[in-house]
2 protein chains.
Amino acid sequence: MRARIEDVAEAAGVSMKTVSRVLNNEPNVSEATRLRVEAAVNRLHYKPHHSARALAGRRSYLVAMLFDNPSSNYLMEVELGLLDACQSQHYNLMLAPLVYDAGDIVAKVESLVAQSQLDGVVLTPPITDDTALLKRLRELDVPYASISAKEANRRIGVVVDEHHAVCAMIAHLALLGHKRIGHIKGHAAHGASGWRLAGYRDGLKRAGLRYDPTLVVEGQFSYESGYTAANRLLDQKSPPTAIFAANDDMAAGAICAICERGLSVPQDVSVCGFDDVPIARQVYPSLTTVRQPTRDMGRLAGLELLKEIRSPGSGVIVDVPYTLQLRRSTGPAPA
Amino acid sequence: MRARIEDVAEAAGVSMKTVSRVLNNEPNVSEATRLRVEAAVNRLHYKPHHSARALAGRRSYLVAMLFDNPSSNYLMEVELGLLDACQSQHYNLMLAPLVYDAGDIVAKVESLVAQSQLDGVVLTPPITDDTALLKRLRELDVPYASISAKEANRRIGVVVDEHHAVCAMIAHLALLGHKRIGHIKGHAAHGASGWRLAGYRDGLKRAGLRYDPTLVVEGQFSYESGYTAANRLLDQKSPPTAIFAANDDMAAGAICAICERGLSVPQDVSVCGFDDVPIARQVYPSLTTVRQPTRDMGRLAGLELLKEIRSPGSGVIVDVPYTLQLRRSTGPAPA
DNA sequence: TTGAAAGCGCTAACAC
DNA sequence: GTGTTAGCGCTTTCAA
């Protein structure tokens with residue numbers, strides 16, 4: 001039979017409560033007692049019972065990851081990072097797919113929180129910026145951490161300086177001699193789309209290049225939208241020699257569109273993306289892109305959330321570094 | 001304050017236990033009483049408390065998905081399906097990434113089961129066929145369901161008739177006039193690799209084509225391994241005119257290798273894969289492949305597991321249908 | 001610094 | 001068909 005706290009107490013010659021104190025790192029335990037208890041815990045292979053703890057302590061030791069956007073490598077990475085953070089602190093992670101079109105997200109989250117007694121939630125884009133939801137979470141006093149939230153919605157979580165990253169990418173293209181650099185925008189609901197566009201404009205300015213609105217077209221972050229958008233760019237009378245797509249999926253779509261026209265990447269047109277998901281290494285030619293440390297971002301967001309749950313007010317925003325991944329899809333501008 | 005079972009009992013004018021009976025669909029409740037209780041439940045917005053239930057019932061209402069193989073679209077789909085099954089029955093899903101090289105999987109799972117008091121686990125390939133683990137799970141009396149396990153290890157879960165699917169794919173190639181059809185094998189630890197090879201051989205036989213072992217090369221299910229393997233096939237004195245790769249990632253790698261040699265797909269070489277993960281639609285040309293209903297497979301495996309947990313002996317193997325996805329990467333054999 | 005007692009909200013076992 | 005009672009294994013409260 002599994003050891004209970006009572007068995008540990010007996011083995012250590014103390015009361016249940018003292019064992020509980022040691023287990024929870026509460027103060028008011030003498031060093032000697034603590035050691036004796038810890039020894040007993042190890043000897044009996046004691047593990048606290050999750051549900052009993054949750055019931056008595058009036059908390060669930062459960063946090064949820066909220067996401068729309070179910071089909072992504074990005075999400076799996078974030079999830080693995082989060083999982084790691086939760087496991088390290090004996091929390092459980094629950095997944096909550098939310099479908100935007102399917103109606104009232106706020107109500108769904110509310111019932112989830114009530115139902116599962118969540119101790120906190122982690123938000124992923126674009127849910128990070130659903131202001132109605134954020135407001136309600138605050139009213140309900142549910143701690144939350146977010147990943148890549150917009151400036152105004154940042155409280156606890158993790159961000160990357162995307163603006164800066166894109167500037168660096170544009171600088172790379174400019175250095176290769178590109179003068180006409182196109183941009184495929186991301187989905188409007190995502191904060192990232194705004195940053196990446198802003199970074200693009202700023203990057204052009206710093207490189208001494210003129211911003212030409214006809215070189216900027218809409219995308220939706222999907223492969224198909226990148227394909228379509230690239231065709232729109234290439235149909236122009238004077239098409240760009242380089243395209244910066246707001247994510248890798250769209251960049252892959254753009255590469256396909258270019259190849260289908262009988263043009264070569266990067267000889268005729270250079271292409272670059274953002275994220276560094278697996279597809280970036282699997283397209284031909286491999287994609288120059290901005291790498292975000294996605295798994296670490298999940299882990300850090302989780303750790304900040306747990307910190308905040310433990311002692312309200314202690315969670316912060318962590319700024320993590322990006323990396324420029326230069327691969328084969330960018331090259332010198334055609335003469 | 002949140003309603004408790006006691007409040008519902010009072011509101012309905014019955015005892016706690018009767019409410020409990022209604023909630024758990026136990027027998028021995030009159031229709032009238034059931035209705036009254038259900039009305040009270042709705043009126044009070046009563047939701048059972050997960051931890052209390054788990055504690056009193058000596059079960060966790062928690063199942064885990066065990067997986068190696070962290071970076072896959074496949075996994076995310078399975079997970080979403082599983083999640084759906086769990087939610088429908090008020091179970092929680094826990095994720096357990098297992099790393100094969102990192103030592104003793106059996107010990108890890110054991111401690112997981114003990115720690116979290118798992119009611120059951122779902123196994124994904126290749127963990128489905130770790131016989132030491134399966135044996136231990138049976139000894140510990142932990143119910144498990146598996147997805148695409150090998151014949152010998154199938155007890156509860158879901159499978160696709162991969163052999164048949166591959167036969168159909170080879171028939172498609174033969175019909176296009178291909179006589180020399182190569183095969184890139186999958187990772188040896190996966191049962192799927194064996195089935196797909198067997199399906200390939202059987203498909204050749206049915207099409208009246210000779211099996212030529214020099215046309216079969218090793219792969220690892222990764223993009224890179226597909227790239228390498230395709231090059232090995234194309235380096236031969238009389239290379240194949242069609243290549244069946246055991247999964248889509250390898251097929252994508254093969255396409256890349258072919259293109260790099262200045263050959264065209266499908267004009268010079270046809271390529272097809274297996275799985276229908278997103279990359280299949282995102283390579284150029286888009287990939288002919290076998291589609292497995294991955295999300296449904298996750299859901300069904302979850303449902304069978306929960307059935308088995310509820311009444312041991314009731315879980316079964318579900319055979320789900322595949323679909324042939326004919327796209328642009330296969331065409332008539334060159335003259 | 002420590003312990004005893006009283007629950008947390010539910011289900012199991014057994015009565016009626 | 002229904003109710004009563006006694007826990008499940010832990011934390012909380014309060015007393016020592």
Side-chain angles (χ1 to χ4, degrees), chain A residues 1-38 40-41 44-62 90-92 114-117 119 309-310, chain B residues 1-38 40-41 44-62 89-92 114-119 309-310:
Chain A
M1 197 44 200
R2 181 185 171 132
R4 290 156 310 149
I5 197 170
E6 210 179 317
D7 305 324
V8 178
E10 192 178 340
V14 297
S15 73
M16 266 165 62
K17 179 60 210 177
T18 299
V19 177
S20 172
R21 284 196 180 95
V22 172
L23 260 26
N24 296 292
N25 288 311
E26 286 173 31
N28 295 334
V29 181
S30 74
E31 196 49 29
T33 313
R34 174 179 306 277
L35 256 41
R36 245 183 321 133
V37 170
E38 279 166 356
V41 164
L44 300 178
H45 301 296
Y46 170 75
K47 310 267 186 208
H49 189 293
H50 192 90
S51 299
R53 223 183 183 183
L55 181 57
R58 294 158 186 78
R59 47 198 296 205
S60 62
Y61 292 92
L62 189 64
H90 301 286
Y91 263 74
N92 276 163
Q115 168 79 7
S116 304
Q117 301 272 277
D119 287 352
I309 289 172
R310 197 155 297 195
Chain B
M1 200 42 202
R2 178 185 173 133
R4 289 157 312 150
I5 198 172
E6 210 180 319
D7 305 325
V8 177
E10 190 176 345
V14 296
S15 75
M16 265 167 64
K17 180 61 211 178
T18 299
V19 178
S20 173
R21 285 198 179 91
V22 172
L23 259 28
N24 296 292
N25 289 311
E26 285 173 30
N28 295 333
V29 182
S30 75
E31 197 49 31
T33 312
R34 178 179 304 278
L35 258 40
R36 246 182 321 133
V37 170
E38 279 167 355
V41 164
L44 298 177
H45 301 295
Y46 169 77
K47 310 267 184 210
H49 188 292
H50 191 89
S51 299
R53 223 181 184 185
L55 181 57
R58 292 160 187 78
R59 47 201 294 202
S60 62
Y61 292 92
L62 188 65
Q89 323 226 348
H90 302 288
Y91 263 73
N92 277 163
Q115 168 79 16
S116 304
Q117 300 271 279
L118 295 181
D119 287 353
I309 289 171
R310 198 157 298 194

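Here is the naming used below: chain letters follow the sequence lines, and residue numbers restart at 1 for every chain.
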Side-chain N or O of A:Thr18 closer than 4.0 Å to phosphate OP1/OP2 of C:dT1: no
If only side-chain N and O atoms of A:Asn28 are considered, is one of them under 4.0 Å from the OP1 or OP2 phosphate oxygen of C:dT2? no
Student check: side-chain heavy atoms of A:Leu62 and B:Asn92 closer than 4.5 Å: yes
Student check: side-chain heavy atoms of B:Asn25 and B:Arg34 closer than 4.5 Å: yes
Would you mind telling me which residue lines up with the more 5' stretch of DNA chain D, A:Ser51 or B:Arg36, judged by nearest nucleotide? B:Arg36
Rounding to the nearest 10°, end axes of the helix from C:dT1-D:dA16 to C:dC16-D:dG1 built from five pairs each make an angle of 30°
For B:Tyr46, the ring pair (Phe, Tyr, Trp, His ring centres under 6.0 Å) test, sequence neighbours excluded, returns none
Could you state the [atom1]-[atom2] distance from [X] to [N], rounded to the nearest angstrom?
{"X": "A:Arg53", "N": "C:dG9", "atom1": "CZ", "atom2": "P", "result": "19 Å"}
{"X": "B:His49", "N": "C:dG7", "atom1": "NE2", "atom2": "P", "result": "17 Å"}
{"X": "A:Leu55", "N": "D:dG7", "atom1": "CG", "atom2": "P", "result": "17 Å"}

Could you tell me the separation between the NE2 atom of A:His49 and the OG atom of B:Ser60, rounded to the nearest 0.5 Å? 8.0 Å
Could you run down the sub-3.5 Å N/O contacts of the protein with nucleotides 12-16 of chain C?
{"from": "C:dA12", "atom 1": "N7", "to": "B:Lys17", "atom 2": "NZ", "distance (Å)": "3.3"}

